[in-house]
2 protein chains.
Amino acid sequence: MENKTPITVVIIEDDETIRNGFTYLINATQNYKVLNSYSNVEDALVNLVHDKPQVILLDIELPGIKGIEAIPKIKNLLPKTYILMLTVYENEDNVFNALTKGASGYLTKSDNTEKIMDAIQEVVDGGAPMSMNIAKIVIKSFHKNQNSPLTKRETEILEQIANGKSRSKIAKQMFIDLETVKSHIKNIYLKLNVHSREDAIKEAKNNKYI
Amino acid sequence: MENKTPITVVIIEDDETIRNGFTYLINATQNYKVLNSYSNVEDALVNLVHDKPQVILLDIELPGIKGIEAIPKIKNLLPKTYILMLTVYENEDNVFNALTKGASGYLTKSDNTEKIMDAIQEVVDGGAPMSMNIAKIVIKSFHKNQNSPLTKRETEILEQIANGKSRSKIAKQMFIDLETVKSHIKNIYLKLNVHSREDAIKEAKNNKYI
DNA sequence: TTTTGTATACCCCATACAGGGGGATTTTGA
DNA sequence: TCAAAATCCCCCTGTATGGGGTATACAAAA
């Protein structure tokens, strides 16, 4: 495989050593080409439309505009570009923020070069590369608490409440009486030690009961 | 690395060829041992407490008790056992159901043996192995629609509504008048073409506006 | 420059809903 | 068979909701 159209990459990373290191390593690899690298988002934004890379390696911890804030701005200019986040800290909020804003993958700088090259290839192939710990964080966010104090029926009802349904609609939909729904809700409030739907939803989500 | 304590595995899979194939391949690998394999969940459940495997390879498409329903039952017996789902169909609902119920990873049967062995190792190391397409589905579930018709403020308010907050609490919390909140909600309903908080939440979630 | 969109705020109205108090009965699973 | 879960019933008060219309200030786009 020689002289195929190379995968084009842009690096946005403030640490010069890392930036130059990645640039060198990627350019030294067959079929990969770093079009440009920037030390901050501001510079990158004015040049990206010209660069039109397939993949952007984006540091999270940047001066000025932070990496996460940059994601929607970049996606706006280049909707088809894949964004891979680079980070040293595996902060949970950052992970979810970056993903909701449109990042396609999430790597840690401690990942070795081979893994990062693989990730670039994988994202171009339509994948979603993540380092091991990030995958763990993501999967863990799905896991529900198996020790919920709520019964099956109570959980069902609380989920409906969290979907904005009124008690009477829940009753109709579950083919039970409004009074039954009220009873369940009373028990839910008792068990969660709350006095409103708002607090019940908050408590249940915090503890991953729903 | 020879004669370390092996990683113990149980396979639950109804296709005999696949079951025996995996059993053979895993046993042929250094430091891995298949304690038992079962063709259905019912048989597995009565023996698992004795087997006490570190990892279970669990097929989704099983006769009788389906793989997904089996997860909480297994987790109940063996809370520390890692469950890796095996599937042929990359069905989105199945993926999320399995993950919420406590599966630690998600592989497709088309993954080659090496990948499956790597996944077993990775999950024991505390990771969350996923095949490429599954990772893509998971990451995509986080992505929000960047073309929301709602303004920033409207989105904020709709998120509060989805958290169960009343209009007056939203007003207090956002330091704006109740009437302003009402105005925003009116506009949200107009834009989403709905007439209730319930439908607004549903519509917004369907389109990933929130 | 004029128009449009956004965020802000105010008024009125009728209905539905929420939360809390007290029960009771039946169904089900261990 | 016995406790937990799910079901249903009555009372009460205060608040929330959805829809009607109007208006202003400001920024951005046409």
Side-chain angles (χ1 to χ4, degrees), chain A residues 72-73 76-77 145-204 209-210, chain B residues 42 45-46 49 65 69-70 72-77 146-204 209-210:
Chain A
K73 296 181 202 289
N76 214 35
L77 294 173
N145 190 337
Q146 304 294 135
N147 297 315
S148 171
L150 303 179
T151 67
K152 216 171 191 169
R153 207 62 166 162
E154 284 161 1
T155 305
E156 261 181 273
I157 287 177
L158 189 48
E159 272 164 357
Q160 301 297 308
I161 290 177
N163 286 330
K165 290 202 171 61
S166 70
R167 308 185 293 187
S168 49
K169 275 199 183 158
I170 295 171
K172 271 175 202 156
Q173 205 175 303
M174 296 178 76
F175 303 106
I176 54 178
D177 197 277
L178 169 60
E179 289 301 327
T180 308
V181 176
K182 284 174 70 177
S183 288
H184 283 305
I185 292 176
K186 278 179 200 172
N187 287 327
I188 293 169
Y189 287 6
L190 256 176
K191 287 180 178 178
L192 301 188
N193 195 26
V194 296
H195 305 277
S196 69
R197 51 175 46 212
E198 181 197 342
D199 290 342
I201 293 170
K202 202 192 296 167
E203 187 70 10
Y209 299 150
I210 61 169
Chain B
E42 290 82 350
L45 285 175
V46 296
V49 182
I65 300 178
E69 302 156 39
K73 297 180 202 289
I74 293 171
K75 278 272 160 187
N76 214 35
L77 295 173
Q146 305 294 136
N147 297 318
S148 172
L150 303 180
T151 67
K152 217 171 190 167
R153 206 62 165 163
E154 286 161 358
T155 305
E156 261 181 273
I157 287 176
L158 189 48
E159 272 165 356
Q160 302 298 307
I161 290 177
N163 285 330
K165 290 205 171 60
S166 70
R167 308 185 295 190
S168 50
K169 275 200 183 155
I170 295 172
K172 271 175 201 156
Q173 205 174 304
M174 295 178 78
F175 303 105
I176 54 179
D177 197 278
L178 168 62
E179 290 300 329
T180 307
V181 176
K182 284 173 71 177
S183 291
H184 283 304
I185 292 175
K186 279 179 200 172
N187 287 327
I188 293 169
Y189 287 5
L190 257 176
K191 286 179 179 178
L192 300 189
N193 194 29
V194 295
H195 305 278
S196 69
R197 53 176 44 214
E198 180 195 343
D199 291 341
I201 293 170
K202 202 193 296 168
E203 187 70 10
Y209 299 150
I210 58 170

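This is a predicted model, so every value here is computed, not measured. Side chains included, hydrogens not; waters and symmetry mates left out as well; all remaining heavy atoms used. Just so we're on the same page: letters track the sequence lines, and every chain starts at 1.
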How long is the straight-line distance from [atom2] of [Y] back to [atom1] of [X], given to the nearest 0.5 Å?
| X | Y | atom1 | atom2 | result |
| --- | --- | --- | --- | --- |
| A:Thr180 | A:Arg153 | OG1 | CZ | 9.0 Å |
| A:Ile185 | A:Leu178 | CD1 | CG | 8.5 Å |
| B:Arg197 | B:Ile201 | CZ | CD1 | 6.5 Å |
| A:Asn163 | A:Glu159 | CG | CD | 7.5 Å |
| A:Phe175 | A:Ile170 | CZ | CD1 | 14.0 Å |
| A:Asn193 | A:His195 | CG | NE2 | 5.5 Å |

Please report the distance, rounded to the nearest Å, between [atom1] in [X] and [atom2] in [N].
| X | N | atom1 | atom2 | answer |
| --- | --- | --- | --- | --- |
| B:Ile185 | D:dG21 | CD1 | P | 18 Å |
| A:Leu190 | C:dG20 | CG | P | 9 Å |
| B:Arg197 | D:dG19 | CZ | C1' | 15 Å |
| B:Asp199 | D:dG19 | CG | P | 10 Å |

Short N/O separations, protein against nucleotides 25-28 of chain C, under 3.5 angstrom:
none

Of the non-hydrogen atoms in [X] and [Y], which two are nearest, and what is the gap between them?
| X | Y | answer |
| --- | --- | --- |
| A:Tyr209 | A:Thr155 | O-CG2, 3.7 Å |
| A:Leu158 | A:Ala204 | CD2-CB, 3.5 Å |
| B:Pro149 | B:Glu154 | O-OE1, 4.3 Å |
| B:Ser196 | B:Tyr189 | C-OH, 3.3 Å |

Hey, what are the protein-to-nucleotides 5-12 of chain D N/O distances that come in under 3.5 Å?
unit_1 : atom_1 : unit_2   : atom_2 : d
D:dA6  : OP1    : A:Arg153 : N      : 3.4
D:dA6  : OP2    : A:Thr151 : OG1    : 2.3
D:dT7  : OP1    : A:Arg153 : NE     : 3.3
D:dT7  : OP1    : A:Arg153 : NH2    : 2.9
D:dT7  : OP2    : A:Arg153 : NE     : 2.9
D:dT7  : OP2    : A:His184 : NE2    : 3.0
D:dC8  : OP2    : A:Asp177 : N      : 2.5
D:dC8  : OP2    : A:Thr180 : OG1    : 2.8
D:dC8  : O5'    : A:Thr180 : OG1    : 3.4
D:dC8  : N4     : A:Ser183 : OG     : 2.2
D:dC9  : OP2    : A:Asp177 : OD2    : 2.8
D:dC10 : N4     : A:Glu179 : OE1    : 3.1
D:dC11 : N4     : A:Lys182 : NZ     : 3.3

For this session: Please list, by residue number, the residues of residues 159-172 of chain B whose heavy atoms come closer than 4.0 Å to an atom of DNA chain C; answer none if no residue qualifies.
Result: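 Those residues whose heavy atoms fall under 4.0 Å from DNA chain C, taken from residues 159-172 of chain B, amount to none.
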Exercise. Is it true that atom NZ of B:Lys191 has more than 12 heavy atoms of other residues, nucleotides or ligands lying nearer than 6.0 Å?
Worked result: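 Yes, because the 6.0 Å sphere around NZ of B:Lys191 holds more than 12 heavy atoms from other groups.
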Look for any protein N or O under 3.5 Å of an N or O in nucleotides 27-30 of chain D and output each such pair with its distance, or none.
none

Exercise. Of A:Ile188, A:Leu192, A:Ile210, which meets side-chain contact (heavy atoms from CB on, under 4.5 Å) against A:Glu203?
Worked result: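 Among A:Ile188, A:Leu192, A:Ile210, the one meeting side-chain contact (heavy atoms from CB on, under 4.5 Å) with A:Glu203 is A:Leu192.
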Exercise. Among B:Lys165, B:Glu156, B:His184, which one satisfies side-chain contact (heavy atoms from CB on, under 4.5 Å) with B:Met174?
Worked result: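 Only one of B:Lys165, B:Glu156, B:His184 forms a side-chain contact (heavy atoms from CB on, under 4.5 Å) with B:Met174, namely B:Glu156.
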Problem set entry | B:Tyr189 side chain near D:dG19 phosphate (N/O to OP1/OP2, under 4.0 Å) |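 No, outside the criterion.
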For this session: If a pair satisfies salt bridge (charged side-chain N to carboxylate O under 4.0 Å, His left out) and one of its residues is in residues 168-177 of chain B, list it, with sequence neighbours excluded.
Result: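 Matches after skipping sequence neighbours: A:Glu198-B:Lys169.
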Problem set entry | Steps toward side-chain contact (heavy atoms from CB on, under 4.5 Å) verdict (A:Val194, A:Lys202) | CA-CA 10 Å; A:Val194 296; A:Lys202 202 192 296 167; over 6 Å; no
Problem set entry | the helix from C:dT1-D:dA30 to C:dA30-D:dT1: angle between end helix axes, five pairs per end, rounded to 10 degrees |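 Comparing the first five pairs with the last five, the axes sit 80° apart.
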